[in-house]
Amino acid sequence: MKSFLDKTEGLANSVSLFAANIAAIILLILVVLTCVDVVGRYFFTMPLTGAVELVRICMAGIIFFSFPIMFLKGDHIIVDLISFLKKGYFGWALALVILAISVGVAVMLGDRVYDYAIRALEDGDTTEYLAIPRYIVVGFITLSVFSAALMSLLRLVFMLRKPGIVEEGVL
């Protein structure tokens, strides 16, 4: 029988993969959007209205929907300047501290973005050209940042199960 943490890890993998697939779909939409805009602009002298605005929203979607899998799998950029600190219990403890800081920073960032989403909802803030309500976009960003914090917390818990073992991508 699988333990609770194993089931949680499977669920976290599924959720983070789902978010990564959404990011991939948004990337495909961005490619199609850019192609339509370029063809319309240069062959028909009729650019796509609000293309710049949609590109901004798509870029935000790609970045923030990639956060959960990046935080869970440790697929972020690592500059390996202190590789000698990665070994043994010292490296494991350092990795735990770094993961705890990551959780704290992600929660603080999510809180700030959540405040902005609420303010955008209350003010009725919309985008410049297409009048898309900003709280929708910022709400998805908030959800992604909080889920990234949860993934980082889960990774911290998974590391606590294996004392002295530093997984790749933490340090």
Side-chain angles (χ1 to χ4, degrees), residues 5 7-38 40-41 47-79 94-160 167-171:
L5 282 178
K7 289 178 184 177
T8 304
E9 187 173 12
L11 180 64
N13 282 327
S14 298
V15 168
S16 63
L17 189 59
F18 177 74
N21 286 333
I22 290 176
I25 291 168
I26 292 172
L27 180 61
L28 179 65
I29 290 169
L30 180 63
V31 168
V32 170
L33 175 73
T34 304
C35 288
V36 167
D37 186 42
V38 168
R41 182 180 309 271
L48 189 62
T49 304
V52 173
E53 198 170 277
L54 291 173
V55 165
R56 287 182 194 160
I57 292 171
C58 285
M59 291 301 292
I62 292 167
I63 291 167
F64 288 104
F65 277 113
S66 299
F67 268 20
I69 199 160
M70 181 182 68
F71 275 65
L72 183 66
K73 301 291 183 186
D75 289 339
H76 48 274
I77 296 172
I78 298 172
V79 178
L94 187 61
L96 291 178
V97 169
I98 289 172
L99 281 172
I101 290 170
S102 297
V103 170
V105 168
V107 167
M108 287 190 307
L109 178 65
D111 183 53
R112 297 288 300 173
V113 177
Y114 174 76
D115 290 343
Y116 177 66
I118 295 299
R119 199 170 51 238
L121 174 65
E122 290 171 350
D123 295 345
D125 196 12
T126 60
T127 58
E128 302 151 296
Y129 302 111
L130 299 177
I132 299 170
R134 284 192 201 268
Y135 73 90
I136 295 172
V137 176
V138 180
F140 280 118
I141 290 171
T142 303
L143 183 65
S144 295
V145 172
F146 278 132
S147 64
L150 180 63
M151 296 302 166
S152 200
L153 180 65
L154 286 173
R155 191 163 183 206
L156 179 81
V157 171
F158 298 149
M159 278 193 69
L160 285 171
E167 295 177 1
E168 196 61 35
V170 178
L171 289 176

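Ile101 places a side-chain heavy atom less than 4.5 Å from the side chain of Val97. Here the side chains of Leu27 and Phe65 are not in contact, with every heavy-atom distance at 4.5 Å or above. Two residues are said to be in side-chain contact when any heavy atoms from C-beta on lie closer than 4.5 Å; Asp115 and Ile118 fail this criterion. In this structure, Cys58 and Ile29 have side chains that are in contact, with non-hydrogen atoms separated by less than 4.5 Å.
Side-chain N or O atoms of Glu128 include none that pairs as donor or acceptor with a backbone N or O of Glu53 at under 3.5 Å. Judged purely by atom type and a 3.5 angstrom limit, Thr34 uses its side chain to pair as donor or acceptor with the backbone of Leu30. Of the possible polar contacts, one joining the Asn13 side chain to the Glu9 backbone as a donor-acceptor pair under 3.5 Å is found.
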Derivation of the side-chain contact (heavy atoms from CB on, under 4.5 Å) call for Phe67 and Met151: CA-CA 9 Å; Phe67 268 20; Met151 296 302 166; over 6 Å; no
Check against side-chain contact (heavy atoms from CB on, under 4.5 Å), Phe64 and Val137: CA-CA 11 Å; Phe64 288 104; Val137 176; over 6 Å; no
Verdict with reasoning, Leu72 to Ile69, per side-chain contact (heavy atoms from CB on, under 4.5 Å): CA-CA 5 Å; Leu72 183 66; Ile69 199 160; 5.5 Å; no
Ile132 and Leu54: CA distance, side-chain angles, deciding distance, side-chain contact (heavy atoms from CB on, under 4.5 Å) verdict: CA-CA 10 Å; Ile132 299 170; Leu54 291 173; 4.1 Å; yes
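Note that CZ of Arg119 and CD of Glu122 are 9.0 Å apart. Values are rounded to the nearest 0.5 Å. Remark: Cys35 SG to Leu48 CG distance equals 11.5 Å, nearest 0.5 Å. Rounded to the nearest 0.5 angstrom, Ile26 CD1 and Ile57 CD1 are separated by 10.5 Å. Note that the OG atom of Ser102 and the CG atom of Leu109 stand 12.0 Å from one another [nearest 0.5 Å]. For the atom pair Ser147 OG and Leu153 CG, the distance stands at 12.5 Å (nearest 0.5 Å).
Taking a 6.0 Å sphere around CZ of Phe146, one finds it holds more than 12 heavy atoms contributed by other residues, nucleotides or ligands.
Considering all non-hydrogen atoms of both residues, Met159 and Leu99 come closest at SD-CD1, 3.5 Å. Here the closest heavy-atom approach between residue Ser66 and residue Ile62 is recorded as OG-O, 2.6 Å. Taking both residues in full, the closest heavy atoms of Ala106 and Phe71 are given as CB-CE2, 4.4 Å, listed atom of the first, atom of the second, then distance. Between Leu160 and Leu96, the closest heavy-atom pair is CD2-CD1, 3.7 Å. Taking every heavy atom of both residues into account, Leu33 and Ala51 meet most closely at CD2-O, 4.2 Å. Between Leu154 and Ala12, the closest heavy-atom pair is CD1-CB, 3.6 Å.
With Phe140 as the fixed residue, the side-chain contact (heavy atoms from CB on, under 4.5 Å) test singles out one of Thr142, Ile136, Val138: Ile136.
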